[in-house]
Amino acid sequence: MPKSHSSIGIFDSGVGGLTVFREIARALPHHSLIYLGDSARVPYGTKSAETVTRYSLQAAAHLIDRGIGMLVIACNTATAAALPALQASLKIPVIGVVEPGARAAVARTRGRVGVIATEGTVRSQAYTKAIRLIDPKIEVIESAAPLFVSLAEEGWANTHVAREVAEIYLEPLLDANIDTLVLGCTHYPILRGTIEQVTGDKIAIVDSAETTASFVKDAVHDKPSGTPKHQFLVTDAEERFRRIASDFLEREIEHLELVTL
């Protein structure tokens, strides 16, 4: 667990991990958080597992230098590709987003789970493996939805373009009669309202950001004193990040820094 004076580091390829940041901030309001968005190299979902692992180790090293006491990989692609390497190389707790999402899906489904994720996450079959490890009888259908990342990064989550893209991506899963849908990329909850317009209210939505925050809260047992500080680091496009983050978090982003990994 992080020491009482240590921040929790949260890492993503861009703005998507803000969904995880928001839920952790709500669950642990007294803890300082450092968010790192690797916006210079987004998206991760189209890159090889080896490349994503290298990027993830670089991001982790930067956050370690900042004195974090726990690392949250707020990216499904990075979790699927790099979690074992990060856990093996770091001396602090490392939490990914796949296992919490898989456990929540198993708890809610009646037997047929759909997963939308990046190409890299789907290729790894990380959710299928995690869900079937818990309950082998559950049918899992994974489908890539790469444009959702771009829509979130551009701040186009609630546009007619996003709605049309969602209809195309979700049609095969709806035709397969899924009863639960896992948002298997942390960018996707930014589009949750649009996605729910397409799925309707009969399909349970699993947001890995919410379930990951619960995992993090359970792993932390201290309550730091003093005023918590929220820092934001990006590797590129800081003003776009500031605009999207301010809208999504509904507050001004005061501590934003451009860094090089």
Side-chain angles (χ1 to χ4, degrees), residues 13 16-17 19-20 23 43-49 52 74-81 83 96-153 156-212 214-215:
S13 61
T19 60
V20 179
E23 297 304 324
Y44 279 12
T46 57
K47 296 176 174 64
S48 69
V52 172
C75 172
N76 285 267
T77 302
T79 299
L83 180 61
V97 289
V98 171
E99 183 183 352
R103 289 190 177 279
V106 171
R108 298 181 191 182
T109 187
R110 298 187 302 276
R112 185 166 292 188
V113 175
V115 179
I116 51 173
T118 65
E119 295 170 9
T121 301
V122 170
R123 188 166 55 246
S124 73
Q125 291 194 307
Y127 274 97
T128 296
K129 295 172 184 175
I131 290 171
R132 288 183 174 165
L133 191 63
I134 302 168
D135 188 342
K137 300 186 297 298
I138 294 175
E139 183 176 356
V140 184
I141 305 164
E142 296 196 45
S143 183
L147 284 179
F148 279 168
V149 175
S150 299
L151 290 167
E153 289 285 335
W156 286 16
N158 299 308
T159 63
H160 72 278
V161 175
R163 171 64 184 265
E164 291 173 7
V165 171
E167 289 173 350
I168 293 170
Y169 280 152
L170 294 171
E171 183 178 9
L173 297 176
L174 297 178
D175 288 346
N177 295 317
I178 62 168
D179 59 68
T180 302
L181 177 67
V182 178
L183 306 184
C185 171
T186 51
H187 281 78
Y188 296 177
I190 296 176
L191 292 92
R192 181 167 179 165
T194 298
I195 291 169
E196 288 181 331
Q197 289 175 16
V198 178
T199 61
D201 57 6
K202 293 183 180 180
I203 294 177
I205 302 292
V206 173
D207 179 347
S208 57
E210 296 174 352
T211 55
T212 300
S214 295
F215 264 54

Exercise. Excluding sequence neighbours, so at least two apart, what forms salt bridge (charged side-chain N to carboxylate O under 4.0 Å, His left out) with Glu119?
Worked result: none
Problem set entry | Test side-chain contact (heavy atoms from CB on, under 4.5 Å) applied to Ala126 - qualifying residues, sequence neighbours left out | Ala80, Val98, Ser124
Seminar exercise, completed: Here the pair of heavy atoms bringing Ile141 nearest to Ala176 is CD1-CB, 3.5 Å
Exercise. Closest approach of Gly101 and Thr211, non-hydrogen atoms and distance?
Worked result: N-OG1, 3.6 Å
Seminar exercise, completed: Closest non-hydrogen contact found for Val52 with Ala81 is CG1-CB, 3.9 Å
Problem set entry | Which residues share a side-chain contact (heavy atoms from CB on, under 4.5 Å) with Ser150, sequence neighbours left out | none
Exercise. Between Val182 and Ala105, what is the shortest heavy-atom contact and its length?
Worked result: CG2-CB, 3.6 Å
Exercise. Ring pair (Phe, Tyr, Trp, His ring centres under 6.0 Å): which pairs involve residues 173-207, sequence neighbours left out?
Worked result: Phe148-Tyr188
For this session: Using the test salt bridge (charged side-chain N to carboxylate O under 4.0 Å, His left out), find all partners of Glu23 that sit at least two apart in sequence or belong to another chain.
Result: Arg26
Exercise. Could you give the distance from CD1 (Ile205) to OG1 (Thr180), rounded to the nearest 0.5 Å?
Worked result: 8.5 Å
For this session: Provide the full list of salt bridge (Lys or Arg N to Asp or Glu O under 4.0 Å) pairs with a residue in residues 181-193, sequence neighbours left out, each pair given once.
Result: Arg192-Glu196, Arg192-Asp207, Arg192-Glu210
Exercise. Can you tell me how far CG of Leu83 sits from SG of Cys75, rounded to the nearest 0.5 angstrom?
Worked result: 11.5 Å
For this session: Would you mind reporting whether Val149 and Cys185 have side-chain heavy atoms less than 4.5 Å apart?
Result: yes
Exercise. Looking at residues at least two apart in the chain, or sitting in another chain, which of them share a side-chain hydrogen bond (donor to acceptor under 3.5 Å, both in side chains) with Glu167?
Worked result: Arg163
Exercise. Can you name the side-chain contact (heavy atoms from CB on, under 4.5 Å) partners of Leu133, sequence neighbours left out?
Worked result: none
Problem set entry | Considering all heavy atoms, the nearest Val97-Thr79 contact | N-OG1, 3.3 Å
Exercise. Is the backbone N or O of Thr186 less than 3.5 Å from a side-chain atom of Thr19, with the two atoms forming a donor-acceptor pair by type?
Worked result: yes
For this session: Look up atom NZ in Lys129 and atom CD in Glu142, then write down how far apart they are to the nearest 0.5 Å.
Result: 9.5 Å
Exercise. Applying ring pair (Phe, Tyr, Trp, His ring centres under 6.0 Å), which residue pairs with at least one partner in residues 110-133 are found, sequence neighbours left out?
Worked result: none
Problem set entry | Expected output: side-chain Thr212 to main-chain Ala209 donor-acceptor under 3.5 Å | no
Exercise. Which atom names give the shortest non-hydrogen contact between Thr77 and Gly45, and what distance separates them?
Worked result: OG1-CA, 3.8 Å
Seminar exercise, completed: Of Val206, Ile116, Leu174, the one forming a side-chain contact (heavy atoms from CB on, under 4.5 Å) with Leu181 is Ile116
Exercise. Rounded to the nearest 0.5 Å, how far apart are OG1 of Thr159 and CG of Leu151?
Worked result: 6.0 Å
For this session: Among residues two or more places apart or on two chains, list those pairs meeting side chain to side chain donor-acceptor pair (under 3.5 Å) that have a residue in residues 101-116.
Result: Glu99-Arg103, Thr109-Asp179, Arg112-Glu139
For this session: Look at the side chain of Thr194 and the backbone N and O of Ala157, then say whether any donor-acceptor pair between them is shorter than 3.5 Å.
Result: yes
Exercise. Taking atom CD1 of Ile178 and atom CD1 of Ile203, what is their separation to the nearest 0.5 Å?
Worked result: 4.5 Å
Exercise. Do Tyr169 and Ile195 touch side chain to side chain, with heavy atoms closer than 4.5 Å?
Worked result: no
Problem set entry | Residue list, side-chain hydrogen bond (donor to acceptor under 3.5 Å, both in side chains) with Lys202, at least two apart or on another chain | none
Problem set entry | side-chain contact (heavy atoms from CB on, under 4.5 Å) involving Glu171 - partner list, sequence neighbours excluded | Asp175
Exercise. Is any side-chain heavy atom of Ser208 closer than 4.5 Å to a side-chain heavy atom of Phe215?
Worked result: no
